[in-house]
Structures are given as C-alpha cells and as structure tokens.
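Reminder, nothing fancy here: chain letters follow the sequence lines and each chain counts from 1. Nothing here was measured: the structure is a model prediction, and the numbers come from that model. These values consider heavy atoms only, across backbone and side chains, with no hydrogens, waters or symmetry-generated copies.
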There are 4 protein chains.
Amino acid sequence: MANKTAPDSSRRSERSRRAILDASLALVGEVGYDKLTIEGIASRAGVGKQTIYRWWPSKAAVLLDAFTAGVDEDYAQGLPDTGDLTADLKSVLHATVDEFNDPAFQAPYRALAVAGANDEELSRTFVSRLIEPGIRVYADRLRAAQESGEVAADADLRVAAEMLLSPFSQRWLMRTGELTYDFVDTLVDLVMRALRPGSESV
Amino acid sequence: MANKTAPDSSRRSERSRRAILDASLALVGEVGYDKLTIEGIASRAGVGKQTIYRWWPSKAAVLLDAFTAGVDEDYAQGLPDTGDLTADLKSVLHATVDEFNDPAFQAPYRALAVAGANDEELSRTFVSRLIEPGIRVYADRLRAAQESGEVAADADLRVAAEMLLSPFSQRWLMRTGELTYDFVDTLVDLVMRALRPGSESV
Amino acid sequence: MANKTAPDSSRRSERSRRAILDASLALVGEVGYDKLTIEGIASRAGVGKQTIYRWWPSKAAVLLDAFTAGVDEDYAQGLPDTGDLTADLKSVLHATVDEFNDPAFQAPYRALAVAGANDEELSRTFVSRLIEPGIRVYADRLRAAQESGEVAADADLRVAAEMLLSPFSQRWLMRTGELTYDFVDTLVDLVMRALRPGSESV
Amino acid sequence: MANKTAPDSSRRSERSRRAILDASLALVGEVGYDKLTIEGIASRAGVGKQTIYRWWPSKAAVLLDAFTAGVDEDYAQGLPDTGDLTADLKSVLHATVDEFNDPAFQAPYRALAVAGANDEELSRTFVSRLIEPGIRVYADRLRAAQESGEVAADADLRVAAEMLLSPFSQRWLMRTGELTYDFVDTLVDLVMRALRPGSESV
DNA sequence: TGGTAAACGAGACGGTACGTCGAGTCTTGAT
DNA sequence: ATCAAGACTCGACGTACCGTCTCGTTTACCA
C-alpha cells in the first residue's frame, strides 16, 4: 500500500520530534499559518527538512500533532455535574470564553480549523480529535440531566449540544460577534427553554 | 494611508474586471483554493498580472468580489412569511441544504470562509457582505413572528437566529455532520420550543 | 516603409524635446545606462511616454541625440597647426585625457559605445557622428604635415590616425590601462617614428 | 562581505554547470545578448533559475565563464617565432582576422565587451582573462625581437603591442572599418617602422 | 565491541509562484 | 494633432518554498 518503504518508527528521534512540534507552535504564533513554512520549522528546530517530510505529510499535520499533544486529556473527565444543568453549562462556557479569547491559543486553532476546510483528510482528524469529543461531553452531560428528569425526554441531545457550541465557535471563527459571558448566558438560557420538560412538541 | 498612488478607477477596464472575476470562480471550482494562483487567474482571464495587483490586494479579495457579485440581491426580499414560522423556516432551510450540498457552490464559499479566518480585514468584508445579512433576515422574520405573538416577547432574536444558522454552517464548514432535511427540521423544532410564548424564563 | 503614419514634425513640441534630452543626460549620469528607463526619462522630463516613443526608437537613440547635441561643432575647427606636429598632437591628446577622465562625460559616452556594439543601426550613427569625425581631423592634420614634408610621403594616414586614437579609446573603454599624459606622449613618439620621412618601407 | 551564506561548492552539480554554460553560448548566438535571459538559459539547460543565481551574479558572469572555458589555453604557447618578426605578426593577425569575422564568435565576445563597459567588476575579469593575456603574448614576442636586435632597444613594447591590437579591436567592436588582411598588413608595416633599430627618438 | 544500516543535519537540485518593474501600445481629456 | 497621464498586456526579474535527492555523520541494534 505504501509506495515508499515506511520509516522505522522505533528508531525515531524523540528529540527531533519534540523540537519540530515546539517550533511549529512557536512559529505559527509568530508569523501566522500562511507564512508558516516547512523550511522555517526545520530551521527553527535545528532539523533537516527530510526529517519532517519523513514523518508528516503536510505542515497542517505537523501543527495538528503539535496542537493536540496537550489537549487530548482535557475531555477525559467530562463536564461537572452539580445537579444544576444551567449553572454547570454557564460555568464551563465562561471558562471556554476566556480560553478562546487568549491570543496564544487562537493562532494554531484557527489555522487548523482553516486548513481542515480545504483538506478533507486533515479535517477528519481535526474533527475527531478535537471537535467531536467536545460535542460529546456536552451531549453526555445533557443525557445525565435527561435521565434525572431535568431535560425533556424526547429532545435530540446531539443537536442540542450543537445549538450550544456552534453559535459559540462560529462567532469566534468567523468573527461574527463578541465572545462574552452575557452571550453564552443568553445562549444557555435559550437552549434550556427548548429542553425544559413539558416543552415537548405536539 | 496608501503608500502607492491609487489607480484612477474611472479609467478601469470593465472588460478585464469581468474576465478576472469569471476566471477566479471557474478556477477555484476546478483546482481548489490552495492551487488557485494569481498567475493562473491572469492567464485564464487573458489579463496582465499587474491588472489584478492594481485592483485587489490578494487572491482572496478577488474571490470575494467574484463570489459576492451575484449574491448581494439574494437577501433583498427577506424570508417568506406565510404566518406559519416553523413551516417558513423549514422550507427556506431545506433550500439552503440543497444549495450547500452543491459542489459548484462549495469551493469558493469554503475558500472564503477559510481565507477569512487568517485575514482579519478580509474577514470583516466577508462577514458583513455575506454572513451578517443572512443572520439579519432570519432575525427579521423572527421579529415579525414576535410582533404577531407567535414568539415569546423576551427572546433574544439575534442569538436565536444564530442558534438556527450556526449549527448548520458549522456542520458544513467543519464537516462535523451531514446536512439533511431531518437535521434542519430537528433544529427548527428545538429552536421553536425555546421561542414558544409561555416559555419565558422565570 | 513606415507602417505607422509618421508624426508631423512641424507640430513637435520643442519644449518636450529639450526636456527629454536633458532628463536623459541627467539620469544616465545618476543611475547609469542599464538602469536608465524610458519611464524614468518621461517622468523626470514631465512628459508622456508616448511622446518619447513617437520621436525615438529606443533609449539609446534618445541618448545619442542628447549626447551629440552639443558635440557636433567640436570638430569644426580641426586640430591646431603650429608647424610642430608632435607638439600639436600631444597638446590635443592631453586635453582629451582630461576630458575622458571626467566622470560626467564617461557615463553617456560609455553607454553609447556599448549600446552600439549590440545595435548595428545605432552603431552607424554613433560612428559617423562621433568617432569618424574624430579620426578624420587627425588624418587631416597628418595630411597637412605630410604636405609640408614633416611626414613620410607613403604613410597610410588613416591607419596612422587609428594607431594614435584606438589604443587611447581602447584603454578607456575596456579599462585596460590608465589614461595619462605619459601614455599619450609615448604613443605619439612611437607613431612619429613610424611616420618620419626616410622611414619608408623597403 | 558576502551577506548570504556561501553555497558549498564541493556539492555543486557538474552536470548542471556544463548545461548552463552550453545553453548560454547557444542562446547568445541565437537571440543576442540583450534578449538573453536567465529564464531562457535555465529553461534551455533544464535547470532551476536558483541554480544559476546560486553560482553566478549576473548573466554576463555566466557568459564570461562560458566563453573563457575553452579559451584560456589559447594563449599558452605564445606567438610563433621564425626569426622574421614582420612575417610572424602578419600571419598571426591574418588568422585573427578570420576568427573575428566568424559570426559564431562575434556574439558572445561582443556581448562581453559591452557588458564589461557598464560593469566594472566584470570588466576586470574580462580584461585579465581575455584581453591582457592577448596583449602580453604580443609584447613577449616583441621583447624576443628586441633581444635579437630586430627591434630598437628603447621602444616601449607594451604601448607598441597596443598600437598593433587596439586599432584592430576598435574597428571590430565599433564597426569603424573593415577587418582585412590589407589593413593588418598596413598596420604591421607602420608599427615596424616605429620599432626599427636606428629609429630611436633624438 | 565493532560493523552496519537506519535516521539524521545539511543543503543543492528542478520547479512553481510570488510580487515588482519596465517595455511598448492604447485610450482619454486638455490645450 | 500633439500632448500628459496612466491603464493595459506581456515578459523577465530576483526571491521564497516546495518536495526530492544526495551527501557525510551520528546512533542504536546485532553479530
């Protein structure tokens, strides 16, 4: 299947791998995604270009690895559950507002979102590693609330989670609006109205 | 502000302008945004590269002009109002599902969304010319419904419109899910629950 | 022969003509021949490009006109004739040494010599307007000396004049040696030996 | 002095070097110096432009290398010495007349002469690699003749050599006259008169 | 413990596209 | 009709990176 003999990953230099990942993150923050080059990464990392090409298919893939390296475990413990769904959602989303307003976080994440739009393969990984887990932890928290009767039994929780998250990420990605606590509060309140038991469709 | 003496737009060649815009759209459909080049556009349009650089700052700006040329009037007549908000929303969104599933439409739109993420200036134009008007016509329709008592008086209609549109465009842009009639129906139903009179927050 | 209708030279703007010629000389001194451009001349002269193209076929032709404008009459009065050929030649060549060592003179003259080498048409004009007259005044002075018996009767005076002038201009053009009074004195002395009466070939 | 880190010449591709040199000579013969372009050379040689820019500073430098590649050894054996100076000079110059009247030779040589006039750095190399050795072999032959008493003891042989060569190359370069056997014969005869023993200046 | 094969740093290579400059042509108003 | 101005098509410039390809030079396993 592979036309080139695959490299022997057991002999891979961990030192180079880390240097490349670090250089990528540093550079994307400094010059932006468009001006991020393989040559630049190699030179900053003190590494031969071939070492990058040997292990990654594109600069987007490098960046994706660099970015997801420290993020995977964030979703592990799920959302808090104090028994008050509205309060839990607001508190988590307030934290997320702060995170997405942090410039250091923006550059690589935005770059990946973008790169994914034009690279379907990359997109799959990006979605399954970063976006999908995010949606899922929200859907899971909603399910818990549903089971405790806090949420209407017939609500489509996946779509509900998207109603919560997409307006948020859309505002951020496309700069269609400010990301404020007020905004997410309004959003949560509206969604909660839709999910309230007794609001079932006729 | 301008470092170069601005060109005299009264002497601009309409013929060249159209050729460039047409070539851009054709090419982005054929080769995609990443492989779209200024040289390619110029050559296809039978135009000197300088003529492109004289009037546009980047390939993204060309594409934005090309794309918005025929779209501006789409929002002019607003959304239909048959008196049944749910039905109106579903019918419009069904049409939009079809539009966004059309490959000819996808390439340039996706490209612009992407280009905007990394170019703040371009992003503003993209949002104000394409996205903002879209949100606005939905918000307007909701307002009409609110005035007729079909929607709760205290609902934030702008955020409600985003709850309707963002999950949709997010699925499309990031490929986080299928765009189907079912999906938008579920979406509309959920949002309508949130907006139903009598659902006001306590 | 001309495919375009020739411009009507009676309506030509003398003001523009002078401005173009002046700008050419000024610019060639400032930036050198290679970086001399038609656009630069036009802009400096406050003139449309077309006005230059209308009246001259190339930048070299402009420069040739500019340069020869004030030079033609230099050759009119011929070489001095005090009766002492050797002294006359040395005194004139000393003056020429000074002239050719003047930087203001070098740039355009060198440029024309060069342009001529690759443009046969221009070359003809350059030679017939500038070089040929120079050789001729020397040959004429030699002829006078021959008639007065100061020079051998059988000497080829045209070639003798070239023996005097070519080593000089060669040194200057190709930078093969310094242009000094000593050098031209040596040159004159050697040539005079060849021309001395009684040196006729056997 | 060098602002860019110099390339590692030990890794230079001999194949590319030869292809570039060959293409340069071929093209200058076909299109002339002015229309000779780096892009043209690169494309003809099947080479990236950067490979030319990496090793040469200008098209003139490429051409100089190309031209001198096969010429250096021409001067190695010096001029013939049959004991008859006049005959030796005439026979060599006759050969040179033929060489300079050969169109294949003219284009690059003329181009270099010209390029040198406007590029002092190039000029030095051109002179020291091609012109100076030429003058020197003539001066050497004259010295041999001087030592054997065929030439006056006090004559400046360097200037004498220039008297022989400069009128020749001047005629060729500036097209001030025909290059014929007759011309060089006359030239040699005149110079020989100047050098004849007993012609010493008083 | 020394030999050898892979990965490595470095960077030259053939290419493509960049954004700029100037050439020479063409069009528009003003004189 | 010529002029100043400058937009146009075209071609080349010199630069930046691409992804591929040698080069020695580590490095780590295995004989």
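- Distance CH2 (W56(A)) to P (dA7(E)): 14 Å, rounded to an integer number of Å.
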How far apart are the C-alpha atoms of V28(A) and F67(A), what are their side-chain angles, what is the distance that settles it, and do they pass the side-chain contact (heavy atoms from CB on, under 4.5 Å) test?
CA-CA 11 Å; V28(A) 86; F67(A) 194 66; over 6 Å; no

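- Considering only residues two or more places apart in sequence or on other chains, S43(D) meets the side-chain contact (heavy atoms from CB on, under 4.5 Å) condition with none of them.
- In this structure, the CD1 atom of I41(B) is 13 Å from the C1' atom of dC18(E), given to the nearest Å.
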Starting from the C-alpha separation in whole Å, work towards a yes-or-no answer on side-chain contact (heavy atoms from CB on, under 4.5 Å) for W55(B) and R17(B).
CA-CA 9 Å; W55(B) 303 108; R17(B) 200 187 124 268; over 6 Å; no

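- Between R18(B) and E14(B), no side-chain nitrogen of the basic residue sits less than 4.0 Å from a carboxylate oxygen of the acidic one, so the salt-bridge criterion is not met.
- Rounded to whole Å, atom P of dG14(E) lies 15 Å from atom OH of Y53(D).
- What separates CD1 of I52(D) from C1' of dC13(F) is a distance of 13 Å, to the nearest Å.
- Considering only residues two or more places apart in sequence or on other chains, T125(D) meets the side-chain contact (heavy atoms from CB on, under 4.5 Å) condition with L64(D), R129(D).
- One can place CZ of R17(A) at 12 Å from P of dC8(E), the figure rounded to the nearest angstrom.
- For the atom pair CG of L27(A) and CD1 of I20(A), the computed distance is 12.0 Å after rounding to the nearest 0.5 Å.
- Put simply, CD1 on I38(A) is 6 Å from P on dC18(F), counting in whole angstrom units.
- Following rounding to the nearest Å, D34(D) (CG) and dC13(F) (P) show an atom-to-atom distance of 12 Å.
- Residues from residues 20-33 of chain D that place a heavy atom under 4.0 Å from any atom of DNA chain F: there are none.
- The distance from atom NZ of K35(A) to atom C1' of dG19(E) is 13 Å, rounded to the nearest whole Å.
- Here S123(C) pairs with V127(C), R175(D) under the side-chain contact (heavy atoms from CB on, under 4.5 Å) rule; sequence neighbours left out.
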N/O contacts under 3.5 Å, protein versus nucleotides 7-11 of chain F?
residue : atom : partner : partner atom : Å
dA7(F)  : OP1  : D8(B)   : N            : 2.9
dC8(F)  : OP1  : S13(B)  : N            : 3.0
dC8(F)  : OP2  : R54(B)  : NE           : 2.8
dC8(F)  : OP2  : R54(B)  : NH2          : 3.2
dC8(F)  : OP2  : W55(B)  : NE1          : 3.0
dT9(F)  : OP1  : S16(B)  : OG           : 3.1
dT9(F)  : OP2  : G48(B)  : N            : 3.2
dT9(F)  : OP2  : T51(B)  : OG1          : 2.6

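- Among residues at least two apart or in separate chains, salt bridge (Lys or Arg N to Asp or Glu O under 4.0 Å) pairs with a member in residues 26-43 of chain A are E30(A)-R44(A), E39(A)-K49(A).
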